[in-house]
Each structure stands twice: as C-alpha cells, then as structure tokens.
A.B. asks: 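I have a structure here, written as structure tokens, and I will follow up with some questions on it.
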Amino acid sequence: MFQSKIAGIGYYVPKNVYTNTDLTRFMDTSDEWIQERTGIKERRYADRIGETTTTMGVAAAKIAIERANIKNEDVDFIIFATLSPDYYFPGCAVLLQREMGMKEIGALDIRNQCSGFIYALSIADQFVKTGMYKNVLVVGAEKHSFALDFSTRGRAVSVIFGDGAGAVVVQPTTDSSHGILSTHLHSDGAEAEKLAMYYPGASSGIWLDSMPDWPDQELGGLLMTKEMLEDGTAFPYMDGQAVFKKAVVKFPEVIHEALLKNNLTTEDIDLLVPHQANLRISQFIQKTLGLRDDQVFNNIQKYGNTTAASIPIALCEAWEAGKIKEGDLICLAAFGAGFTWGSALIRW
Ligand code: UT7
C-alpha cells in the first residue's frame with residue numbers, strides 16, 4: 001500500500017473583479033452589509049461567453065500539472081468537482097480530458113458542492129494508495145455567475161458567490177512521513193432542500209413540504225420557464241441561517257475526527273484551510289478550536305465563496321505565499337449543500 005501526496009497545485013481566477021459597491025448597481029445592498037455579514041470585499045466573475053467552468057478548470061490544471069513535473073499524457077485519472085457544470089450532462093471531467101488532449105483515461109464528476117474538493121481528494125487518495133493510478137488530476141471549479149439572481153430578491157445568495165478554479169495532482173509516495181494522512185466524509189440529506197437549485201431536475205412528481213411554493217408543477221421539472229426566472233424559482237435557494245448553524249457545528253466536529261484518527265491535537269495544526277463559505281464561519285471555527293490567527297488561512301475577502309474551488313484556490317495561495325512548508329500539518333475542512341461535509345489531514 002502506498003501513501004498519496006499532493007505533487008502539484010494551481011489555481012485560476014477570472015480577471016473580472018466585482019466589488020461590493022459594483023453589486024449595488026444591480027441590487028439594494030451595501031459594502032458595509034456584505035463585509036459585516038460575510039467578510040467579502042470582492043469576487044471574480046468569468047467572462048459571460050467563452051469562459052466556462054471547464055476552461056477555468058483547465059487553466060488551474062495546467063499549472064498543477066506543470067508543478068508536478070509531469071505532462072498531460074501522464075495523467076491517468078481525472079476527478080472534477082463542480083455544481084456549475086458547462087452542460088447538464090456530460091460532466092466537466094470529459095470536457096477537460098478533451099480540451100487537454102489527454103489519453104482515453106477515466107473521468108469522473110463529483111457533485112458534492114462545497115465539500116466537492118474534499119470528496120474528490122479522498123477518492124484520488126484511495127485510487128493512489130491502492131496502486132491503481134499514479135497521477136490523478138483533481139479539479140474544483142465553479143462558474144456561479146451565470147445562474148445567480150442579481151436582483152434585490154436574490155441578494156442574500158448572490159453576493160456570496162464567485163467564480164474560479166483550483167487543481168492538484170495526487171501521486172503515490174513511499175515516504176510515509178509525508179502525504180495525505182486521512183480523509184473523512186459525511187452527509188445528512190434530511191435538509192437537502194435548505195441549500196439547493198431545484199431546476200433543471202426530475203423531481204416534478206415529488207412534492208416536499210419544505211419546498212417553496214412553485215407555480216404550475218405540471219410544467220415538469222426538466223423545464224426552465226420564463227415564469228421560473230421571473231418568480232426566482234430558477235435560481236439557487238439557500239436558508240442561510242440554517243446552513244450557518246449546522247456549519248459551525250459540523251466543521252469543528254469533522255476536524256476533531258481527523259485529529260483523533262491521527263493522534264494529533266489542534267496545537268499540531270500548522271495551517272487550517274477551511275472551505276471559504278463565510279468569514280464569520282471561519283472565525284467561529286477558529287474560536288471553537290482555539291486556533292491562533294496564523295493557523296488559519298482565509299481569502300474569501302478577495303474571491304467570495306467559490307464552492308468546490310475554494311479549498312484548492314486557498315491552499316494554492318497559501319502555498320505560493322510561503323505559508324506552507326515541508327513537514328507542516330495541513331487540515332482541510334468543508335461543509336455545504338446536501339448537507340455534506342468532510343476533512344483531510346495532510347503532512348506536506
Ligand atoms: O458554502 C455554502 C454554504 N453556505 C453558507 O455557508 C452560507 C451560510 N449562511 C450565511 O453565510 C449567512 O446566513 C448569509 C450571509 C447568507 C446571510 O446572513 P444573515 O446574517 O443570516 O442574514 P439574513 O439572511 O438573516 O438577513 C438579515 C437581513 C434581512 O433583512 P430584514 O428581514 O432583517 O429586514 C435581509 O433581507 O439582511 C437582509 N439582507 C441583505 N441586506 C443587504 C440579506 N442579504 C442582503 C444583502 N444586502 N446582500
């Protein structure tokens with residue numbers, strides 16, 4: 001049995017910067033409200049045309065592959081985590097395979113939203129540990145901006161999210177003192193509709209009390225109608241407070257689980273890179289775990305919440321800034337729609 005390690009890492013964010021003040025052009029909001037409730041100052045939006053979740057994923061993947069010192073044709077498996085794929089199907093992994101001229105390798109899409117990258121990393125870890133693959137490309141990428149409600153009605157959701165991509169190459173190592181120590185994955189579908197985008201979907205025959213009032217169910221779940229755009233049901237729905245309350249419990253829980261599994265404590269963590277959901281959530285986790293400021297990395301201020309991309313973007317930025325050194329204990333943790341949550345401990 002091998003151990004797996006992150007051999008290369010890269011990220012890409014689009015050039016278009018939208019500050020909080022820019023958003024006031026579309027909706028009734030303010031820089032003060034957004035910063036106070038979320039910590040976000042600005043986010044990036046992809047070009048409307050020509051820049052997609054896949055193209056951003058490719059840009060991040062190219063850097064990760066180069067830094068891993070391999071070539072595109074060396075990649076033997078692709079895992080792509082996103083909730084905003086270019087098409088309803090097929091997924092982004094095959095589009096990336098085509099775009100990067102890779103061999104006819106396996107390509108898997110992961111739909112675990114904010115926890116997508118941790119789920120993807122965990123799968124890569126299993127394949128590498130068993131010796132099945134030697135170079136697994138793991139990508140987390142999102143183009144949220146195409147499907148947000150930028151009117152005042154959608155402000156509680158739309159101000160949070162941004163676009164971007166991050167990627168890592170996972171390889172085997174025989175050095176047991178370095179690499180991914182363990183990953184921990186969880187879910188609880190009881191509150192699945194509290195953070196969801198219902199359309200396009202096949203659930204039109206199912207009626208859940210928790211769903212908001214929709215017009216004319218007979219239209220069918222797969223159809224997106226003008227009415228759905230007008231009344232807002234076409235856009236992502238989030239019960240922000242319910243998500244917040246659950247997140248601040250599950251983040252520390254799953255971090256403790258990872259530490260316990262490895263006989264480590266919070267003092268051993270050199271850097272916690274939490275999913276960038278809301279700066280207040282990160283600060284809450286930091287306080288609960290008793291971590292110092294230098295033990296936690298946040299960059300939500302610049303990019304907003306980029307869902308499956310947030311951890312690899314933050315991890316890469318932290319690494320590029322010299323905040324991650326060889327031998328450091330890095331903890332990744334995420335919580336989001338599903339609900340799903342997870343953690344990973346890495347000895348860098
Ligand atoms: O990564 C995926 C997982 N997602 C999360 O982790 C998100 C977790 N939740 C949150 O981050 C927070 O719940 C939000 C940032 C989404 C919202 O913050 P909140 O403190 O829970 O605000 P709220 O939704 O309770 O709204 C408070 C007030 C409301 O006005 P009234 O009813 O008190 O008059 C909202 O209409 O703030 C209003 N509001 C806004 N005002 C200005 C909501 N959004 C905005 C806005 N600008 N963008």
Side-chain angles (χ1 to χ4, degrees), residues 1-10 57 60-61 64-82 91 93 96-97 102-112 115-140 166-187 254-264 268-275 308 311-312 315-316 319 324-334 340-348:
M1 199 86 157
F2 298 93
Q3 183 146 315
S4 55
K5 64 165 186 185
I6 291 178
I9 183 163
I65 287 172
E66 195 185 324
R67 285 178 173 163
N69 217 8
I70 59 166
K71 301 210 169 341
N72 291 2
E73 53 269 31
D74 297 324
V75 171
D76 43 20
F77 196 65
I78 305 162
I79 311 178
F80 201 123
T82 185
L96 180 142
Q97 181 272 345
M102 289 172 171
K103 291 182 298 192
E104 293 178 350
I105 52 175
L108 174 68
D109 271 61
I110 299 289
R111 299 197 44 179
N112 287 79
S115 325
F117 183 78
I118 300 228
Y119 269 74
L121 188 69
S122 178
I123 295 166
D125 182 36
Q126 312 315 312
F127 276 133
V128 168
K129 271 202 294 215
T130 56
M132 183 155 171
Y133 296 125
K134 289 194 173 58
N135 290 299
V136 179
L137 175 66
V138 178
V139 180
V168 297
V169 172
V170 180
Q171 287 180 350
T173 172
T174 45
D175 176 1
S176 59
S177 58
H178 290 276
I180 299 173
L181 304 181
S182 64
T183 57
H184 307 266
L185 309 177
H186 295 279
S187 71
V254 78
I255 292 168
H256 275 306
E257 181 186 343
L259 291 169
L260 197 67
K261 165 89 182 162
N262 294 283
N263 293 319
L264 295 164
D268 296 311
I269 295 176
D270 290 298
L271 199 66
L272 169 67
V273 182
H275 160 54
I311 289 181
L315 188 64
C316 189
W319 177 75
I324 298 177
K325 296 175 294 302
E326 200 170 320
D328 278 357
L329 185 71
I330 310 301
C331 182
L332 312 179
T340 60
W341 60 101
S343 62
L345 265 188
I346 303 168
R347 182 66 71 186
W348 203 265

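Because the structure is a prediction, the values reported are computed rather than measured. All residue numbers in this chain count up from 1 along the given sequence.
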A.B. asks: Taking the side chain as every heavy atom from C-beta outward, state whether Lys129 and Ile180 have any atom pair closer than 4.5 Å.
C.D. replies: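 The answer is no, as the side chains (C-beta and beyond) never meet within the 4.5 Å cut-off.
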A.B. asks: Consider side chain to side chain contact (heavy atoms under 4.5 Å, CB included). Of Val138, Val170, Val136, which one does Phe77 pass it with?
C.D. replies: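 Among the candidates, only Val136 passes.
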A.B. asks: Could you tell me whether the side chain of Asp270 and the main chain of Leu329 form a donor-acceptor pair under 3.5 Å?
C.D. replies: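 Here the side-chain-to-backbone pair exists.
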A.B. asks: Got a donor-acceptor contact below 3.5 angstrom from the Ser343 side chain to the Val254 backbone?
C.D. replies: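 Checked: pair present.
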A.B. asks: Is there side-chain contact between Leu345 and Leu259, with heavy atoms separated by less than 4.5 Å?
C.D. replies: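 Heavy-atom side-chain distance check passes, below 4.5 Å.
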A.B. asks: Which value, rounded to the nearest 0.5 Å, describes the distance between Thr130 atom OG1 and Asp125 atom CG?
C.D. replies: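 If we round to the nearest 0.5 Å, Thr130:OG1 and Asp125:CG are 9.5 Å apart.
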A.B. asks: Given side chains that start at C-beta, do those of Asp268 and Asn262 come closer than 4.5 Å, heavy atoms only?
C.D. replies: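 A side-chain contact under 4.5 Å is absent here.
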A.B. asks: Side chain to side chain donor-acceptor pair (under 3.5 Å): which pairs involve residues 64-76, sequence neighbours left out?
C.D. replies: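 Counting only pairs at least two positions apart or across chains, the side chain to side chain donor-acceptor pair (under 3.5 Å) contacts touching residues 64-76 are Arg67-Glu320.
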A.B. asks: Working to the nearest 0.5 Å, report the span between CG of Leu271 and CG of Leu332.
C.D. replies: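 Reported value, rounded in 0.5 Å steps: 9.0 Å.
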A.B. asks: Determine whether His184 and Ile118 make a side-chain contact, defined as any pair of heavy atoms from C-beta on separated by less than 4.5 Å.
C.D. replies: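 A side-chain contact under 4.5 Å is absent here.
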A.B. asks: State which residues pass salt bridge (Lys or Arg N to Asp or Glu O under 4.0 Å) with Lys134; sequence neighbours excluded, sorted by chain then number.
C.D. replies: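 Lys134: no salt bridge (Lys or Arg N to Asp or Glu O under 4.0 Å) contacts found.
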A.B. asks: In the structure I gave you, are the side-chain heavy atoms of Trp348 and Leu315 within less than 4.5 Å of one another anywhere?
C.D. replies: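 Yes, side chains in contact.
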A.B. asks: When you measure from the side chain of Gln3 to the backbone N and O of Thr173, does any donor-acceptor pair fall under 3.5 Å?
C.D. replies: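 Checked: no pair found.
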A.B. asks: Go through the structure and list residues passing side chain to side chain donor-acceptor pair (under 3.5 Å) with Ser187, not counting sequence neighbours.
C.D. replies: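 Applying side chain to side chain donor-acceptor pair (under 3.5 Å) to Ser187 gives none.
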A.B. asks: Can you list the residues that meet the salt bridge (Lys or Arg N to Asp or Glu O under 4.0 Å) rule with Arg347, with sequence neighbours excluded?
C.D. replies: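 Salt bridge (Lys or Arg N to Asp or Glu O under 4.0 Å) list for Arg347, sorted by chain: empty.
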A.B. asks: So, Ser4 side chain and Val128 main chain: donor-acceptor pair closer than 3.5 Å or not?
C.D. replies: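 Pair absent, no side-chain N/O of Ser4 close to backbone of Val128.
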A.B. asks: Not counting sequence neighbours, which residues clear side chain to side chain donor-acceptor pair (under 3.5 Å) with Ser177? List them please.
C.D. replies: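 Here the qualifying residues are Asp175.
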A.B. asks: Quick one: CG on Leu121 to CD1 on Ile311, what's the gap to the nearest 0.5 Å?
C.D. replies: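 Leu121 CG to Ile311 CD1: 9.0 Å, rounded to 0.5 Å.
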A.B. asks: Mind checking ring pair (Phe, Tyr, Trp, His ring centres under 6.0 Å) for His186 and listing every partner two or more places apart, or none if nothing turns up?
C.D. replies: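 Checked His186 against ring pair (Phe, Tyr, Trp, His ring centres under 6.0 Å); matches are Trp341.
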